[in-house]
Amino acid sequence: MGFGLLSPGGEPLPRSFFDRPSEQVAPDLLGRVVVHGSVAVRLTEVEAYGVPGEDPASHTYRGETPRNSVMFGPPGHLYVYFTYGMHFCANLVCRPEGVGSGILLRGGEIVDGIEVARARRSGDSARAVGDRDLARGPARLAVAMGFLREHNGADMVGRVLAGAPVAGVSAGPRTGVAAGAERPWRFWAEGEPTVSPYRKHVPKVRVAR
DNA sequence: ATGGAGATGCTCT
DNA sequence: GAGCATCTCCATA
């Protein structure tokens with residue numbers, strides 16, 4: 001595997017890149033390339049999640065637990081969580097060690113290992129997934145990249161590359177979150193087809209009885 | 001295009 | 001037991 005003649009990856013970003021507030025790192029992450037095994041993705045959409053006690057949408061809001069402990073570890077590591085009983089999603093940990101914060105990888109363009117990504121996303125079914133949709137959405141991106149439970153805590157420094165600048169960055173409310181929805185901490189690269197369609201949080205209704 | 005329902009299991013209260 | 005940082009399929013337009 002490789003990037004071919006024109007490497008879209010470039011130099012690895014240093015750990016210090018991630019040692020900042022996630023809402024600062026997030027827009028800076030667009031256009032960067034994340035490499036995992038034989039597959040690489042150029043990020044086009046991310047969401048920042050903040051620190052305990054401050055960001056009610058963050059998994060770390062109520063402090064450290066067994067599930068979120070990686071977010072409290074050193075920056076530049078991968079936080080993989082399992083949700084809805086069937087999906088994995090991946091974050092890059094930000095801030096210094098001890099401060100729980102990270103960035104959800106929501107969408108991107110597969111720039112290497114596309115055959116592997118296609119096979120993972122098609123699964124058993126014969127139906128082909130369009131290239132645009134391979135990593136369009138956080139759980140799809142995790143499947144395409146092969147991010148699994150066992151990769152929770154993996155050190156990604158050296159595997160996040162400088163990439164190429166994006167045309168422009170837009171910001172808006174985060175997807176699928178109830179509390180803290182007013183923070184414009186979802187960032188995406190303008191004009192990119194691999195940005196997932198925005199879906200607002202649907203409030204659950206309690207039935208009176 | 002937009003919207004609803006259902007799937008499915010883990011985490012924390 | 002409630003609530004998910006979601007996805008796919010089906011409906012209507």
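These figures come from a predicted structure and were not determined experimentally.
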Scan for side chain to side chain donor-acceptor pair (under 3.5 Å) pairs involving residues 91-100 of chain A, sequence neighbours excluded, and state none if there are none. none
Which two nucleotides bound the region of DNA chain B that has atoms under 4.0 Å from heavy atoms of chain A, read 5' to 3'? B:dA7 to B:dT13
Partner set under salt bridge (charged side-chain N to carboxylate O under 4.0 Å, His left out) for A:R20, not counting sequence neighbours: A:D28
Residue list, ring pair (Phe, Tyr, Trp, His ring centres under 6.0 Å) with A:H36, at least two apart or on another chain: A:F147, A:H151
For residues 160-190 of chain A, pull every pair meeting ring-ring contact (aromatic ring centres under 6.0 Å, His included), keeping only residues two or more places apart or in separate chains. none
Kindly express the pairing pattern of DNA chain C in dot-bracket notation, using | wherever a base pairs with another strand and counting only Watson-Crick or G-U pairs under 3.5 Å. ||||.|||||||.
I need a per-nucleotide contact map over nucleotides 5-13 of chain C, read 5' to 3'. Cutoff is protein heavy atoms under 4.0 Å; write B for the base, S for backbone only, - otherwise. BBSS-----
All N/O donor-acceptor pairs, side-chain side in residues 42-53 of chain A, below 3.5 Å, sequence neighbours left out:
residue, atom, partner, partner atom, Å
A:R42, NH1, A:E109, OE1, 2.9
A:R42, NH1, A:E192, OE2, 3.3
A:R42, NH2, A:E192, OE2, 3.2
A:T44, OG1, A:G107, O, 3.4
A:T44, OG1, A:T194, OG1, 2.9
A:E45, OE1, A:S196, N, 2.7
A:E45, OE1, A:S196, OG, 2.9
A:E45, OE2, A:R106, NE, 2.9
A:E45, OE2, A:R186, NE, 2.8
A:E45, OE2, A:R186, NH2, 3.1
A:E45, OE2, A:S196, OG, 3.0
A:E47, OE1, A:Y49, OH, 2.7
A:E47, OE2, A:T175, N, 2.7
A:E47, OE2, A:T175, OG1, 3.1

List the residues meeting salt bridge (charged side-chain N to carboxylate O under 4.0 Å, His left out) with A:R118, not counting sequence neighbours, and say none if there are none. A:D131
What residues form a ring pair (Phe, Tyr, Trp, His ring centres under 6.0 Å) with A:F88, not counting sequence neighbours? A:F82
Qualifying ring-ring contact (aromatic ring centres under 6.0 Å, His included) pairs with a residue from residues 93-119 of chain A, counting only residues at least two apart or across chains: none
Inter-residue atom distance A:R121.CZ - A:I110.CD1, 0.5 Å rounding: 9.5 Å
Salt bridge (charged side-chain N to carboxylate O under 4.0 Å, His left out) with A:R67: which residues, sequence neighbours excluded? none
